[in-house]
Amino acid sequence: MSDFLIKSAISLGVLLLAYHFLLEKEKMHQFNRFYLLFSLVFSFVIPFITIEVIQKIATPIIQKNSPIQINKESIVFVSETNYLPIILWSIYGLVTLFLTIRFVRNIMKIITKKNSNTRIEYKNAQLVLLKEEVLPHTFLNYIFMSEMDYNNQKIEDELFSHELTHVSQKHTFDVLFIEFLKTIFWFNPIFIFYKKAIQLNHEFLADEKVVNYYNNIPFYQNLLLSKANENQPFYLASNLNYLLTKKRLIMMTKTTSKKRALLKKATLIPLLMSLVFSICTKVVAQETTDKEGKDNYLTQEAYYKKTTFKIKNEKGVIVAEKKHAQLTQAEKKLVPSLLVGGKTLPTKEKLDELLKKGGPDEIIIDAFDPKNIKTKKEDSNAVYNTSEITVNPEFPNGMEAFYKFVGENFTMPKTPIDVKGKTYVTFIIETNGEISNIKVLRDIGYGTGEEAIRVLKLSPKWIPGKINDEAVRTAYSLPITIQTKS
């Protein structure tokens, strides 16, 4: 929910600023009306749009006595009931209920005015003649005005045209829409500014219609100035007197060329694209297994069960004979792949056939063959991934000890609901074994990512990764499974 509110608020704010700086002063009011309404709808839709940028992280092979066994168990945290969200939701509910009642009452007040006073059909609208002195104002297809002014013909034709424009262009629906949003999202003041912008644009539209029809700008401006100090009682109505300022008077004489209007509209395209990519782009951690380029260890172990591995030293002399389970981590990296040069895993039938046949009787492992020697990069601060190094980094006493350390130090943030999922983290293991550059690729929210970073900063030093027995900076990534139980 918080993610939705933050993303929509950012979008609302950026688009409103763009309106004020790029569009409000331009005479393209129909487009501006569409833009303001589009901005509202777009800002509520954009949090649900996700553009996934997949960053693959390797899931270390699960094997017996492996220093990188993971995900055998979930890290389970016990969370207590958090009453703060309950209190906040209760406050929100009460305020929203109060504002909803007020909203409905204001609509009913206008309807009551309409039903209890004289109505006259006038073109595509109905005139509602009120006993009190008021300026003409519109709600739906009803134009409210003073009965005395109407009978004495004190209402100028320009004012009739102005209000009829509100009726024909259905401006009331825009106002009702923004008022509904204000009622639901009352805690966000940006909707107040949207309402002002929408209603001012309505006045621009109505003024433009009057000016184009009567072609007497000075008279119309003087007419508006003469009405400027009169009160308007209905905040849901389209008001002649709404924001009668210098902006509105200047707009009547302003012109916007087609080229300028097109340029302004075109400027919005990169703005919208930037919003989408900045708000909607999500780096997604995708676990990859050794199916992509390597064999699953357990399949290798079965395949090479009868194979004897002869280990050569630096001089090319065979100094040891081992079975697959006895190979070191660095030696296992040199074991030939079952794919035999292929880019995909064999079919199940082919794999069963290979396992039944088994591997060759013997294989020579020569870590000193030039093609098997790992070389360091020229940059002394270079960061390597696990496929580029000879020996992978290890947590002291293995990954089971690492997850025990995480479980003992991780404090699950209080949540109103049970939470279950994975937090994916990446970090660099420095040459001295310290962890640095900790980043969260994806988490389950509720502060779990921040807490994972805090715990990793407390981690004891690791045994660094190595290339030919020389420690190097190594990028490491892993998922932490989290589950709360209330």
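Values below: every heavy atom of this structure, side chains too, minus hydrogens, waters and symmetry copies. Computed from a predicted structure; not experimentally measured.
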Legend entry - Under 3.5 Å side-chain donor-acceptor pair for T426 and S477: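 The answer is no; no qualifying pair exists.
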
Inset, instruction - Return yes if a side-chain donor-acceptor contact under 3.5 Å exists between T308 and E362, otherwise no. - result: no

Legend entry - Heavy atoms from other residues, nucleotides or ligands near NZ of K323 exceed 12 (cutoff 6.0 Å):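 Correct, the count exceeds 12.
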
Legend entry - N397, CG atom: more than 12 neighbouring heavy atoms under 6.0 Å: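 Atom CG in N397 is not packed in, count stays at 12 or less.
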
Legend entry - Carboxylate-amine/guanidinium contact D361 K306, below 4.0 Å: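 Here D361 does not pair with K306 in a salt bridge, since their nearest N and O are not under 4.0 Å apart.
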
Over all atoms of both residues, closest heavy-atom pair of [X] and [Y]:
X	Y	value
I389	G465	CD1-CA, 4.1 Å
A401	F395	C-CE2, 3.7 Å
Y19	A197	CE2-CB, 3.9 Å
M28	K264	CE-CB, 3.8 Å

Quick one: does any side-chain atom of [X] pair with a main-chain N or O of [Y] as donor and acceptor, under 3.5 Å?
X	Y	answer
N409	F405	yes
S8	F44	no
Y92	F185	no
T96	G93	no
S459	V455	no
R473	N381	yes
N32	L23	yes
K466	V391	no
E451	T411	yes

Legend entry - Between W186 and F103, ring centroids under 6.0 Å: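 Not under 6.0 Å, so no.
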
Legend entry - Output field: ring centroids Y35/F42 closer than 6.0 Å: no

Inset, instruction - Could you go through the side chain to side chain contact (heavy atoms under 4.5 Å, CB included) check for V383 and T474 one step at a time? - result: CA-CA 5 Å; V383 178; T474 309; over 6 Å; no

Inset, instruction - Tell me whether the guanidinium CZ or amine NZ of K27 lies under 6.0 angstrom from the six-membered ring centre of F204 and within 45° of its axis. - result: no

Legend entry - Identified side-chain contact (heavy atoms from CB on, under 4.5 Å) counterpart of Y194 within the set L181, L37, L12: L12

Inset, instruction - May I ask you to decide if the ring planes of H171 and H202 are parallel, tilted or perpendicular, using 30° and 60° as cut-offs? - result: parallel

